[in-house]
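Proteins get letters first, then strands, A, B, ... in listed order; numbering begins at 1 in each.
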Protein chains: 2
Amino acid sequence: MQITRETDYAIRCILYLAGKDGNSAVVGEISRDQAVPRTFAAKIMQKLHKAGLVVSTRGVKGGYTLNRTPEEITLLEIVEAIEGPISINICVIDKNSCERQPHCNVHPVWVEIRDLLVEKLRSYTLDKLINNNPPSGDNTTGRRRA
Amino acid sequence: MQITRETDYAIRCILYLAGKDGNSAVVGEISRDQAVPRTFAAKIMQKLHKAGLVVSTRGVKGGYTLNRTPEEITLLEIVEAIEGPISINICVIDKNSCERQPHCNVHPVWVEIRDLLVEKLRSYTLDKLINNNPPSGDNTTGRRRA
DNA sequence: GTTTTTAAGACAAATTTTATCCTAATTATA
DNA sequence: TATAATTAGGATAAAATTTGTCTTAAAAAC
Ligand code: SF4
Ligand code: SF4
């Protein structure tokens with residue numbers, strides 16, 4: 001019940017773009033900075049491109065750029081771009097995958113947990129991750145509040 | 001990000017015990033009733049035994065029996081008996097697994113999600129799953145409340 | 001002592017994960 | 001126009017995990 005390395009890498013990659021001025025970089029740079037194997041990173045960027053999260057430019061001066069602002073991209077979108085729809089158990093995305101589903105008391109639990117995951121992942125935007133926004137009510141910087 | 005077939009099977013198996021009078025059965029019966037491959041079910045029951053969720057008796061008249069009441073066994077325990085400690089990403093159970101962890105802004109998100117999962121899985125007991133307890137405030141039986 | 005059951009570990013096929021490699025296609029610019 | 005730098009896409013493959021099976025032993029009842 002884990003995300004894959006690929007998904008972790010994908011988050012690193014797109015978060016690197018989000019943190020850069022211009023939200024733009026080439027695969028080589030992303031790979032180096034984020035310690036993601038280069039050819040693997042290339043494949044990952046292609047997936048993020050197909051999912052519409054980044055735009056690509058070929059040729060000299062090419063590279064990848066965020067297709068939206070960091071406030072508008074969520075962890076959920078990144079995870080789903082790599083792994084497909086979130087499902088904690090096969091029956092959650094495909095009821096036909098299990099003939100026991102119609103009379104299974106556990107099935108609704110997995111649906112509930114899936115919904116919980118989706119909601120939580122959607123609540124985190126790249127923006128929040130970069131600025132490490134503390135939950136409201138927290139004040140860990142030690143600065144005085146207004 | 002899915003539970004394995006083995007874990008799904010394990011829940012079926014132990015839930016079958018919980019639903020039976022005496023909370024007891026042999027592997028052959030469990031396997032047949034729950035459509036779990038027999039030798040695989042045998043291995044699963046061994047894991048549940050090692051986790052202390054069931055007791056075993058060898059020989060004629062042997063079999064497996066719940067080691068506690070269905071009210072006292074949670075989904076969390078079953079999942080962890082099969083898959084080990086819940087971790088949505090490697091860094092959650094082993095910080096040393098990723099050298100980026102000390103300055104990673106995503107790490108706390110996975111910890112938070114792990115905690116959420118643990119809490120939710122712990123809230124479901126075998127008892128609740130058998131009786132399909134509706135959330136409080138629900139009244140799907142159509143019976144009038146007191 | 002025969003039958004029924006679990007215990008434990010070796011074995012193995014299938015699938016998924018984690019990549020790499022190669023050949024285009026595209027773009028800037030010398 | 002050639003060349004260099006970049007992404008696009010598909011084939012390939014090693015490693016790890018999942019999903020089982022098989023075999024032998026141990027225990028218990030009868
Ligand atoms: S047995 Fe229930 S929980 Fe398991 S796959 Fe089938 S429907 Fe889903
Ligand atoms: S990069 Fe962050 S989230 Fe990913 S494994 Fe490392 S610590 Fe965990």
Side-chain angles (χ1 to χ4, degrees), chain A residues 1-14 17 22 24-32 34-67 79 81-84 87-90 97-98, chain B residues 1-14 17 22 24-32 34-67 79 81-84 87-90 97-98:
Chain A
M1 207 200 305
Q2 275 197 3
I3 61 163
T4 62
R5 277 313 62 217
E6 191 183 13
T7 302
D8 190 84
Y9 289 163
I11 294 168
R12 294 189 203 181
C13 290
I14 201 167
L17 287 187
S24 180
V26 298
V27 164
E29 179 184 340
I30 299 171
S31 160
R32 240 176 293 115
Q34 295 297 308
V36 176
R38 192 194 193 106
T39 61
F40 203 10
K43 284 302 186 193
I44 288 169
M45 292 313 295
Q46 283 184 27
K47 282 196 187 177
L48 296 178
H49 178 227
K50 281 185 181 170
L53 299 181
V54 299
V55 293
S56 70
T57 322
R58 281 156 123 156
V60 184
K61 294 230 169 190
Y64 289 99
T65 309
L66 286 193
N67 198 17
V79 171
I82 303 296
E83 304 193 0
S87 73
I88 196 74
N89 199 351
I90 38 167
S97 65
C98 180
Chain B
M1 208 201 304
Q2 274 196 3
I3 61 164
T4 62
R5 277 311 62 217
E6 191 183 13
T7 302
D8 190 84
Y9 290 163
I11 295 168
R12 295 189 204 181
C13 290
I14 201 167
L17 288 188
S24 180
V26 299
V27 164
E29 179 185 339
I30 299 172
S31 160
R32 239 176 293 115
Q34 294 297 308
V36 176
R38 192 194 194 108
T39 62
F40 204 10
K43 283 303 184 189
I44 288 168
M45 292 314 294
Q46 283 184 27
K47 282 195 187 180
L48 296 179
H49 178 228
K50 282 185 182 172
L53 299 181
V54 299
V55 293
S56 71
T57 322
R58 281 156 124 154
V60 183
K61 293 230 171 191
Y64 289 99
T65 309
L66 287 193
N67 199 16
V79 172
I82 303 297
E83 305 192 0
S87 72
I88 196 72
N89 200 351
I90 37 166
S97 65
C98 180

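- The CZ-C1' distance, from A:R38 to C:dC22, rounds to 15 Å in whole Å.
- In this structure, A:R58 places its CZ atom 6 Å from P of C:dT26, rounding to the nearest Å.
- Screening A:L17, A:V36, A:I44 against A:I30 for a side chain to side chain contact (heavy atoms under 4.5 Å, CB included) leaves a single residue, A:L17.
- Side-chain N/O atoms of A:S56 include one lying less than 4.0 angstrom from OP1 or OP2 on D:dA8.
- Checked against D:dT7, C:dA8, D:dA29, the side chain of B:K61 finds its nearest nucleotide in D:dA29.
- Between the P atom of D:dG20 and the CG atom of B:D8 lies a distance of 11 Å, rounded to the nearest Å.
- In this structure, CD1 in A:I14 is found 12.0 Å from OH in A:Y64, a value given to the nearest 0.5 Å.
- Atom-to-atom, CD1 of A:I30 to C1' of D:dT6 comes out at 12 Å; the value is rounded to the nearest Å.
- When heavy atoms are screened at a 4.0 angstrom cut-off, A:K47 is found touching no nucleic acid atom at all.
- With the nearest nucleotide of DNA chain C identified for both A:T39 and A:G59, A:T39 has the one nearer the 5' end.
- Remark: the backbone N or O of B:I3 is not paired with any side-chain donor or acceptor of B:E83 at under 3.5 angstrom.
- For the OP1/OP2 pair of D:dA8 and a distance below 4.0 Å, the side-chain nitrogens and oxygens of A:H49 include at least one atom meeting the criterion.
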Each nucleotide N or O in nucleotides 15-18 of chain C that has a protein N or O under 3.5 Å away: list the pair and distance.
unit_1: C:dT18; atom_1: OP2; unit_2: A:R5; atom_2: N; d: 3.1

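- One N or O donor and one acceptor, one from the side chain of B:K43 and one from the base of C:dA8, sit under 3.5 Å apart.
- A donor-acceptor pair under 3.5 Å is absent between the side-chain atoms of B:S87 and the main chain of B:I90, judged by distance alone.
- Taking NZ of A:K43 as the reference point, atom OG1 of A:T39 lies at 9.0 Å (rounded to 0.5 Å).
- Among the protein residues, B:G63 comes within range of the sugar-phosphate backbone only, with heavy atoms under 4.0 Å from sugar or phosphate atoms but none that close to a base.
- B:E6 contributes no side-chain N or O that, together with a main-chain N or O of B:I82, makes up a donor-acceptor pair within less than 3.5 Å.
- Atom pair B:I44:CD1 and C:dT6:C1' shows a separation of 15 Å (rounding to whole Å applied).
- Rounding to the nearest 0.5 angstrom, the gap separating the CD atom in A:E29 from the CD atom in A:Q34 is 10.0 Å.
- Taking atom CD of residue B:Q46 and atom P of nucleotide D:dA26, one finds them 15 Å apart after rounding to whole Å.
- Rounded to whole Å, the distance from CD on A:E29 to P on D:dT6 is 10 Å.
- Whole-Å rounding puts the B:Y64 OH to C:dT4 P distance at 18 Å.
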